[in-house]
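First up is the structure itself, then whatever we jot down about it.
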Protein chains: 2
Amino acid sequence: MNSNKLFRVLVIDDELPIRRFLQTILENEFTVHLAEGGYSGLAAAATTKPDVILLDLGLPDLDGIEVIKRIREWSSVPIIILSVREREDDKVAALDAGADDYLSKPFGVNELQARIRASLRRTLHQTPEPLFSCGDLAVDLSSRRVTASGREISLTPTEYDILRLLVTHAGKVLTHSHILKEVWGVGYLEQPHVLRVNISNLRRKIESDPSRPKYIITEPGVGYRLKTDD
Amino acid sequence: MNSNKLFRVLVIDDELPIRRFLQTILENEFTVHLAEGGYSGLAAAATTKPDVILLDLGLPDLDGIEVIKRIREWSSVPIIILSVREREDDKVAALDAGADDYLSKPFGVNELQARIRASLRRTLHQTPEPLFSCGDLAVDLSSRRVTASGREISLTPTEYDILRLLVTHAGKVLTHSHILKEVWGVGYLEQPHVLRVNISNLRRKIESDPSRPKYIITEPGVGYRLKTDD
DNA sequence: CCCTATCTTGACACCATCTTTATGCACATA
DNA sequence: TATGTGCATAAAGATGGTGTCAAGATAGGG
C-alpha cells in the first residue's frame, strides 16, 4: 500500500476525531500512521520511521514535551506541534525541547500541509543518498552514476534501466518476462533475444571478465540475478 | 564587530520602529544586521551571510515572495516571515516559495526567539557555501558571477538559469524534461531543441574545447550532468 | 524610433543507440 | 553421434537523438 507516496507522516493525538481528520486531509499526499498515546507514539516513531511527526501536546499518558525530548534522544525527524494551548510559554517550551514548528488549533488545512512540505524540504537535502555496492561495482541511483573498479561507466538508457531494475531487487531473481515488461513494455514479452543482447553489452561494460560474470548472474531457464555483498 | 555572538540575524523590514524593536530584542543574543528594502536585503543576505533571515512580506520595492525566491536561488539559510498578513493563502505562498516559518504580527518576543533558535538548531551542522568550482570553472551563486580560466563570463539569463540548475545539482544527472520544466516551464516539455541550442551556447562560453566538454557532460537519451571535482 | 541582446525556430550533418540478423557455444536428450 | 534448446556475442542497418550554424522574432534600453 505504501507504493507511490513518497513520505510517511506519524500523527500522535489522543482524540479520535482529530486523528481521523488529519488522516483524511493527509492521506492523499502521504502515507499516514496513527498513534493515540505518548508511549505508543514513541514506539511508532521508532518502527514506522516517519519523515515528519505531528504531535499533540495534551496526551493523557505522557506529557508532550517529554515525548519530544525522548524522540530527540535518537532522531532528528521534524516534529510539528498541534495544540490547543495558545500560551507563549507552551510554544517556547515545545520549541526549545526540540520541536520544529507549533500550530495552535484550530489551524488551516492548507497551512498545515504547507508547513509539512517546508519541513520535508529542509530534511530532503541532508539525507544521504542510496548507494548500491558489491565488490568493485557501485551504483548511485540518485545521480545515475555507475562505477566499476573505480572507473566511471557510461551506460545507455536501456542498459541503465536494466541495471536499475536489478539493483532495486538485488539478490532476487528477476524473470525474463519481468525485465522485458519493466524495460520494454508488454509488447516485447515474446522477444527475449533483445534482453540477452543488452545483458551482454551491460556485462561487457561492468564485468572484468564478461564470460565469467561476477555481478549479473544467469539463472538458466528463469532470468537474471544481481549478486549482493553479504 | 561583536564577535562573541555566535549567530548573525538579518532583518529585512521597511518600518523603522519594527527594525529598532527587533534589534533591541535580538542584539543580546545575536549579531543583528538591518535592511529596509527588498533589494538592499538581497544584497545584505549575500554580503553578511546571516544564519537566519527575518523578512517582512510587505516591502515597498520588491514583493516578499520574490525576495524568498531570489535568496533560494543560492542559499538555504532559514527564512522566517514576519507579516501583518493573516490570510492562509499568504502563509502557504510564502512557505511554498521557500520560507521556513511564518509569524503573524503581533508576535510574542519569546516565541520569536524560540523559533529562531529552532531554525538555527536545524541548520547547525550544514552550511554549504554558495560557491561551485571544478577545474577552471567557478560559479558564485550569491553574486551571479561565473569565471572560466580566470576570465569573467557573461551569461544570458537563460544560460545562467541552466547553469544554476546544474550547479545546485552538481554531479547528478538532470533529465531534459526536468531542465525544461525548471527553466522554461511545463509548456516547453515537448521542445527539447531549445535546450540543446542553449547548452551549445553555454558550452561555447565556458568550455575551452566546446566539442569535447569537460564540465557539462551529455548523458545520451537522458539529460546533462555537471562534472564535480572529487 | 532604432539598436542591441536575447530567444526561438529551422535545417542539416553527425553520432549513439536500438533492433535485427547471423553465428557459435554449452548442454541435454534421443 | 546427431539434434534441439537456450544463451552469449558480433556485426550491420535503421532510427532517432545531438550539436552546430544561421536566420527570423521579440523585447528592452538608449
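Just so it is clear: chains get the letters A, B, ... in the order the sequence lines come, proteins before strands, and each one is counted from 1.
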As a test of understanding, state which of Arg164(A), Lys205(A), Arg203(A), Arg204(A) forms a side chain to side chain donor-acceptor pair (under 3.5 Å) with Glu159(A). Lys205(A)

side-chain N/O Ser211(A) vs dA8(D) OP1/OP2, d < 4.0 Å: no

Which is true for Pro192(B) with a 4.0 Å heavy-atom rule: it touches a base, it touches only sugar-phosphate, or it touches nothing? nothing

Whether Tyr224(B) contacts dT18(D) is assessed here as follows: a side-chain N or O lying under 4.0 Å from the phosphate OP1 or OP2. Is that the case? no

Any Lys/Arg nitrogen of Glu88(B) or Arg115(A) sitting under 4.0 Å from an Asp/Glu carboxylate oxygen of the other? no

Thr31(A) side, atom OG1; Leu26(A) side, atom CG - distance, nearest 0.5 Å: 11.0 Å

Of the listed nucleotides dC7(D), dC7(C), dG19(D), the one nearest the side chain of Thr218(A): dC7(D)

Please report, rounded to the nearest Å, how far the C1' atom of dT6(C) is from the CG atom of Leu202(B). 14 Å

Leu155(A) CG to dC18(C) P: how many Å, rounded? 10 Å

Whole-Å gap separating C1' (dT6(C)) and CD1 (Ile162(B)): 13 Å

Give a yes/no answer on whether the side chain of Arg204(A) brings an N or O atom under 4.0 Å of OP1 or OP2 in dA8(D). no

Closer to the 5' end of DNA chain C via nearest nucleotide, is it Pro220(B) or Asn201(B)? Asn201(B)

Would you kindly check whether a donor in the side chain of His193(A) faces an acceptor in the base of dT21(C), or vice versa, at under 3.5 angstrom? yes

Validate the cation-pi geometry between Arg144(A) and Tyr160(A): distance from NZ or CZ to the six-membered ring centre under 6.0 Å, angle to the ring axis within 45°. yes

Rounded to whole Å, please give me the gap between CD in Glu159(A) and P in dT17(C). 7 Å

Looking at Lys214(B) and Glu207(B), is there a salt bridge between them, counting it only when a charged N and a carboxylate O are closer than 4.0 Å? no

Taking atom P of dC7(C) as reference, at what distance in whole Å does atom CG of Asn198(B) sit? 7 Å

Output the rounded distance in Å from NZ (Lys205(A)) to P (dC18(C)). 8 Å

Side chain of Pro157(B), heavy atoms from C-beta onward: which of dC7(C), dT19(C), dA22(D) has the nearest atom to it? dC7(C)

Taking only side-chain N and O atoms of Trp184(A), does any of them lie within less than 4.0 angstrom of OP1 or OP2 on dT19(C)? yes

Taken to the nearest whole Å, NE2/His176(B) to C1'/dG17(D) is 8 Å

Nucleotide nearest Gln191(A) when distance is taken to its side chain, options dA8(D), dT8(C), dT20(C): dT20(C)

It should be established whether Thr156(B) places a side-chain nitrogen or oxygen under 4.0 Å from OP1 or OP2 of nucleotide dT6(C). no

Does dC7(D) have its OP1 or OP2 closer than 4.0 Å to a side-chain nitrogen or oxygen of Arg196(A)? yes

CD1 of Ile199(B) versus P of dG17(D): gap in Å, rounded? 17 Å

Given the options His176(A), His178(A), Glu219(A), Tyr224(A) meets side-chain contact (heavy atoms from CB on, under 4.5 Å) only with His176(A)

Does a nitrogen or oxygen in the side chain of Ser200(B) sit under 4.0 Å from OP1 or OP2 of dT20(D)? yes

